[in-house]
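Each chain gets a letter, A, B and so on, in the order its sequence line appears, and its residues count up from 1.
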Amino acid sequence: MSKKFDGKADFAEWKKSWALEERYNFKKIEKKWQEIWEDEKAYKVEIDKNKEKFYALVEFPYPSGAGLHVGHPRSYTALDVIARKKRMQGFNVLYPMGFDAFGLPAENYAIKTGVHPAISTKANIETFTRQLKSLGFSFDWDRCITTCDPEYYKWTQWMFIKFFEKGLAYKDKIAINWCPSCKVGLANEEVVNGHCERCGAEVVRRDKEQWMIAITKYADRLIEDLADLDFIDRVKTQQINWIGRSEGAELDFAFGDDKLTVFTTRPDTAFGVTYMVLAPEHEFVQKYMSRFENPDEVKAYVEATAKKSDLQRTMDDSKTGVELKGMKAKNPFTGTEIPVFISDYVLTGYGTGAIMAVPAHDQRDYDFAKVFKLPIVQVLEGGDISEKAWEEDGAHINSGFLNGMNKEQGMKAAIDYAVKNGFGRAKVNFKLRDWVFSRQRYWGEPIPMVYCEHCGWQPIPESELPLTLPPVPDYHPNDEGESPLSKAGDWLNATCPKCGGKARRETDTMPNWAGSSWYFLRYCDPHNDKEFASKETLDYWMNVDWYNGGMEHTTLHLLYSRFWHKFLYDCGLVPTKEPYNKRTSHGMILAENGEKMSKSRGNVINPDDIVNAYGADTFRLYEMFIGPFDQAAMWSDESLMGVYRFVGKVYTLFAKVVSDLKPDEADLRAMHKCILEVTERIDQMKFNTAVSSLMTYVNYLSSKPQIAAELYRTLILLMAPFTPHLAEEMWARLGYDTLVVKEKWPQGDAKLAEDTNVTYAVQICGKVRGTIELPKNALREDVEQAALQVPNVRRQLEGKEVRKIIVVPNKIVNIVA
RNA sequence: GCGGAUGUGGUGAAAUUGGUAGACACGCCAGAUUUAGGUUCUGGUGCCGCAAGGUAUGGGAGUUCGAGUCUCCCCAUCCGCACCA
């Protein structure tokens, strides 16, 4: 801020001193103001109880080797615009940034090159930081956090121990996709048609011990508490569907001397049960194998199923199965004996892994019954069960005491009956499964647990946190598919904190969703080495007021972090039961041809190139103008040029600014209209139309021979959130020695924005035949008369009788003839 | 199959409670200035038509003085979940 307009000198002279640089030199301008912001710590924020706080958050990136993608700035700019505007409106704004730095790419890079993930990650973070800074975001960089920093993951580990202490973290055997050739567990995405993506070997399912976190205990609350949150609807419905709550009943069927329990959402159809089906993995299959008459057949089917991946199993919806011959179940409602099958259409992970089959009223059961020629008994009126199952409501028939009832009455009566007779109970089930929390990987948070022969799994004492990642000889998973940490030598040996005996450390690490589950809390108090964040900072900053991120995280990060936060709330560690008040989502940025940008397609656009060629302001503004924020948008170099021209126009417009000119009525109308529109549209994330309001205003200004300073000043204030560098520059040229980012947001006046005259469209039977210009709020009679005088209207009305005239004040006249 | 979204000029897209469809841009056309190079400025631009006029928001019905907007049916594209009992 070298220059200052003292108000005494002639403004025209003052302006001339700037005119040496006539072309819009964004490189110089942007560098200059970025340095000034940094020197002045313009975006540093501290608790200020005199101000209302506003916490804006964007999803922190994984610092990949590819650098920043043009998709990142779409979200970051959007919330930067919102944060900057809120700041100008007097809020104390926290807008932080950090890095979600644990992850597979760094590890794969290490396997290939031997470079330690910490080193490559650090380099990538430096690149990202440079790129983010070049775009002029108003992040408080003093609060930057990195999840792979031991000072950070210390608390991730600490929280894991809390989960363990509360009984929510537990070790369990679950089935995973296993490649017997690579000897490694695969993610579902790595299994192609039942074969290993890498070596082509057939993938089998294998039980493996994994750390689990009991997110299902929070299933109900994760649904219920959505009601009060300002999340976009598709996020809410997606989470609700994912959690998949269904109400129904558990019913016990006699099976030999044992009890076979099923879950059903339709206990009222129990009189229509003609057989039962177990998942091939159901414990009864092994337990009673010796009593089946066809054990070989059963075993063969179980084995065949085990070979299939989940993917294969769901791809093929033809019905197969084997009857468990020699044992029958008994329907507790009717007393009838019914056959029992195993079939892979029944899943082991949902409900009890067994079903009662009602082929008349469930299409899957119907298909199975057709294949195995089983009886189909209709118990609800409606449909044509010779064609397909009837799954709608209807009066009960063939159903004993339920006859005549509809679905709702029948459900209640059936459950009551089952409860009274001790063979059933109401039950709610969820599709949501507990969270598999271990990964056989190196580059993640070590799980702070040790195993003692005598005491079992024990958390390490808090004083030993952080448990840092040890060096390992190489980063490959070993033959048993264990984490590279299993090769960490001495590191593995620990003492049991309970008995002091020998213990061995857990070698699996946490998934990369761990660190991101609570990072927004750390931003409140990033340097605290006593707590993950102090109560005072959490009380002041939480909740996040506005969180923007990708739809792809709806049922992952967003759900996990809501759960994690609720758990901390239950522990009394955070002040609120939900972390985010508002959640919005941005669309993707696609290549010019509508394809995804990807390295393999070679259509990736590097933000650095755009910033170098057109400047950060143009880039930011273009990403806001590109299209509706929540929808996918195609990159277009030509449209970018349009925005570049606009920015240049704002710059050159300064030459027309005259300091002692008073704006006239029309000027004020245009100005206030623009203020009102931009203000409202930013709040609604309608950035594309906010920008078009600015363009309309600029078109108005550039049509004038001279521009009153007030008009230009307002333009600069309105543009400051979008193009902060240009705004600072022009603000200085207007003679101010303050930072525009700290200025007050202009106040729009709806009265002044109003037009004095309005144009009516004159319609005959709904078709526009002309227009009339009248003063605002003209009398109805005058409007009618004026409309009838329009020459074209008179001609059209010749020989017709006017039956009715509808006048919509200040809008339209419709003559019905 | 279920769930969610989308469908408007040559292109990206706008459009309070139903009230002049196409704002704002891109592209294109014409002209001016300039002309060492993605310049700037002015005007035009949904489609058919010389015009008057007609016609137009995926298709079809309906409600209404009036429908991109509301109701019903259908079609297409994209995304998510996918045998969840």
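Of the C1' atoms belonging to B:C28 and B:G9, the separation is 13 Å, rounded to the nearest Å. Taking the P atom of each, B:C79 and B:U42 are spaced 43 Å apart, rounded to whole Å. Annotation: B:A76 and B:G58 have their C1' atoms spaced 7 Å apart (nearest Å).
The pairing partner recorded for B:U6 is B:A76, the criterion being a Watson-Crick or G-U wobble arrangement whose two distances lie under 3.5 angstrom. In this structure, B:A82 forms no base pair with any nucleotide, since neither Watson-Crick nor G-U wobble geometry is met with both distances under 3.5 Å. Within the shown strands, nothing qualifies as a pairing partner of B:A36 under the Watson-Crick or G-U definition with both distances less than 3.5 Å.
With a 6.0 Å cutoff to the six-membered ring centre and a 45° limit on the axis angle, A:K319 does not count as a cation-pi contact of A:F368.
The base of B:C83 is paired with the side chain of A:K319 by a donor and an acceptor separated by under 3.5 Å. With hydrogens and angles ignored, a donor-acceptor pair closer than 3.5 Å exists between the side chain of A:K811 and the base of B:U17. One N or O donor and one acceptor, one from the side chain of A:Y614 and one from the base of B:G38, sit under 3.5 Å apart.
For an aromatic pair to be called close, the ring centres must be under 6.0 Å apart, and A:Y275 with A:F341 satisfies this. For A:W435 and A:Y218, the gap between ring centers reaches or exceeds 6.0 Å.
Between A:F687 and A:A78, the closest heavy-atom pair is CE1-CB, 3.6 Å.
Contact check, A:R769 against B:G54: a side-chain N or O comes under 4.0 Å of OP1 or OP2. OP1 and OP2 of B:U6 both lie 4.0 Å or more from every side-chain N or O belonging to A:R234. When the side-chain nitrogen and oxygen atoms of A:S639 are compared with OP1 and OP2 of B:U11, none of them lie within a distance under 4.0 Å. Phosphate proximity of B:C24 to A:R645: absent, as no side-chain N or O sits under 4.0 Å from OP1 or OP2.
Glycosidic conformation, B:G9: syn, with the torsion inside 90° of 0.
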